[in-house]
Visitor: 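Here it is: the structure, laid out below.
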Amino acid sequence: MKILFLGDIVGRSGRDAFVERVPGLRQQLGLDLVVVNGENASHGFGLSPDMARAFLAAGADVITLGNHAWDRRELIPYLSEEPRVIRPINFPPGTPGLGAVVVEVAGGRRALVINAMGRLFMDPLDDPFRAVQAELQKHRLGQTVHAAILDVHAEATSEKQAFGHSFDGLVSLVVGTHTHVPTADHQILPGGTAYQTDVGMCGDYDSVIGMQKGGAALRFWRKMPGERLAPAEGEATLCGIYVETDDATGLALRIAPMRQGGRLSQILP
Ligand code: FE2
């Protein structure tokens, strides 16, 4: 299966880049599955149902979320009608929406996508490791699902690496989101799972993690509430990771970074 996972869409520039480029990338790379993190799409905070619909129409198969899942409240009822938008699986029992979904792709193949949120330097939540383990017990990689993607929305590189090794051989890809800066450690782990600590954002990189640099930097100079942060508006770089998997095992055959548009160095798989 040919999979592209794209990082956190930040604001209008990220949204525009996704909608403009993903249909072409789907064709050019022959993609079977596109997953994107959408939790910062709405002015940096949350995702509206209209934006989710636009991303799905442009070629996203699944949209994941994170700590900003509830910033746009209209998304809460939408989650029960649109299972392809998932929130972290380790929210407490009874939280609206689901933390995992199985979607069908070309050829009747099935792909599992799970969203989990870290606990280090983040709001306390249920144990993400045990929550993911419990979800994986419902599926068999290479049998009931042909691929499995795990988005670990987390701050700490250590926690994300611990995730990669914990689920090596059990999923096709463990990829980190949330820090908005791509790491260069993409690799296939010894057990066959593709891994990258953070995929980076789809946003303007002349910024502080996607937000306008002046106001964001000032917050570090002065420990006072400053102006409200707003997304940077320059051309976005779409940051993603491309993975090819073996349908018979669900494990990775190839991993390659993708960066298109905007300021970062350009690379195609
Ligand atoms: Fe986040």
Side-chain angles (χ1 to χ4, degrees), residues 5-15 17-18 35-48 51-52 55 60 62-76 78-79 85-92 95-100 113-129 131-132 149-164 173-183 196-205 207-213 215-216 219-220 228-232 236-241:
F5 186 102
L6 290 153
D8 320 32
I9 295 175
V10 181
R12 175 174 298 281
S13 78
R15 299 198 306 268
F18 183 91
V35 181
V36 64
N37 185 293
E39 74 140 15
N40 304 116
S42 175
H43 216 65
F45 303 94
L47 172 70
S48 74
M51 293 171 190
F55 299 154
V62 178
I63 303 170
T64 57
L65 295 166
N67 52 307
H68 291 293
W70 315 121
D71 288 0
R72 290 291 304 259
R73 285 162 179 258
E74 318 90 284
L75 193 71
I76 298 171
Y78 179 70
L79 289 185
V85 182
I86 58 174
R87 45 76 175 168
I89 197 166
N90 52 319
F91 275 116
T95 300
L98 294 172
V113 183
I114 308 174
N115 188 194
M117 194 147 80
R119 291 183 297 183
L120 209 49
F121 314 126
M122 300 189 81
D123 285 344
L125 275 188
D126 289 355
D127 181 345
F129 290 85
V132 169
I149 286 80
L150 171 57
D151 170 5
V152 183
H153 197 77
E155 190 76 52
T157 50
S158 57
E159 191 174 20
K160 294 188 211 183
Q161 290 186 340
F163 252 102
L173 168 68
V174 175
V175 63
T177 56
H178 178 67
T179 71
H180 294 190
V181 178
T183 60
Q196 184 180 20
T197 297
D198 205 295
V199 69
M201 66 173 171
C202 297
D204 175 8
Y205 277 81
S207 68
V208 174
I209 63 168
M211 305 311 263
Q212 290 177 16
K213 56 192 178 183
R219 292 191 166 205
F220 290 91
R228 195 166 177 268
L229 291 178
T237 303
L238 278 189
C239 280
I241 194 77

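Atoms within each ligand, like the ligands themselves, are counted from 1 in listed order. If you read the sequence from its start, that first residue is 1, and numbering goes on from there. Atom set for the values below is all heavy atoms of this structure, side chains included, hydrogens, waters and symmetry mates excluded.
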Visitor: Would you mind naming the N, O or S atom of H178 nearest to the Fe ion (ligand 1)?
Guide: ND1
Visitor: Is any N, O or S atom of D8 under 2.8 Å away from the Fe ion (ligand 1)?
Guide: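 No, outside the cut-off.
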Visitor: Does any non-hydrogen side-chain atom of H43 lie less than 4.5 Å from one of R228?
Guide: yes
Visitor: Looking at the Fe ion (ligand 1), is there an N, O or S atom belonging to N67 that lies under 2.8 Å away from it?
Guide: yes
Visitor: Sort out for me which residue in T179, V174, V175, L120 forms a side chain to side chain contact (heavy atoms under 4.5 Å, CB included) with K160.
Guide: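 Only match with K160 under side chain to side chain contact (heavy atoms under 4.5 Å, CB included): T179.
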Visitor: Looking at E39, which of its N, O or S atoms is the nearest one to the Fe ion (ligand 1)?
Guide: OE2
Visitor: Say whether H178 and D198, considering side chains only, have a donor N or O and an acceptor N or O under 3.5 Å apart.
Guide: no
Visitor: Relative to each other, are the rings of F129 and F163 parallel, tilted or perpendicular (30° and 60° limits)?
Guide: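 It falls in the parallel class, under 30°.
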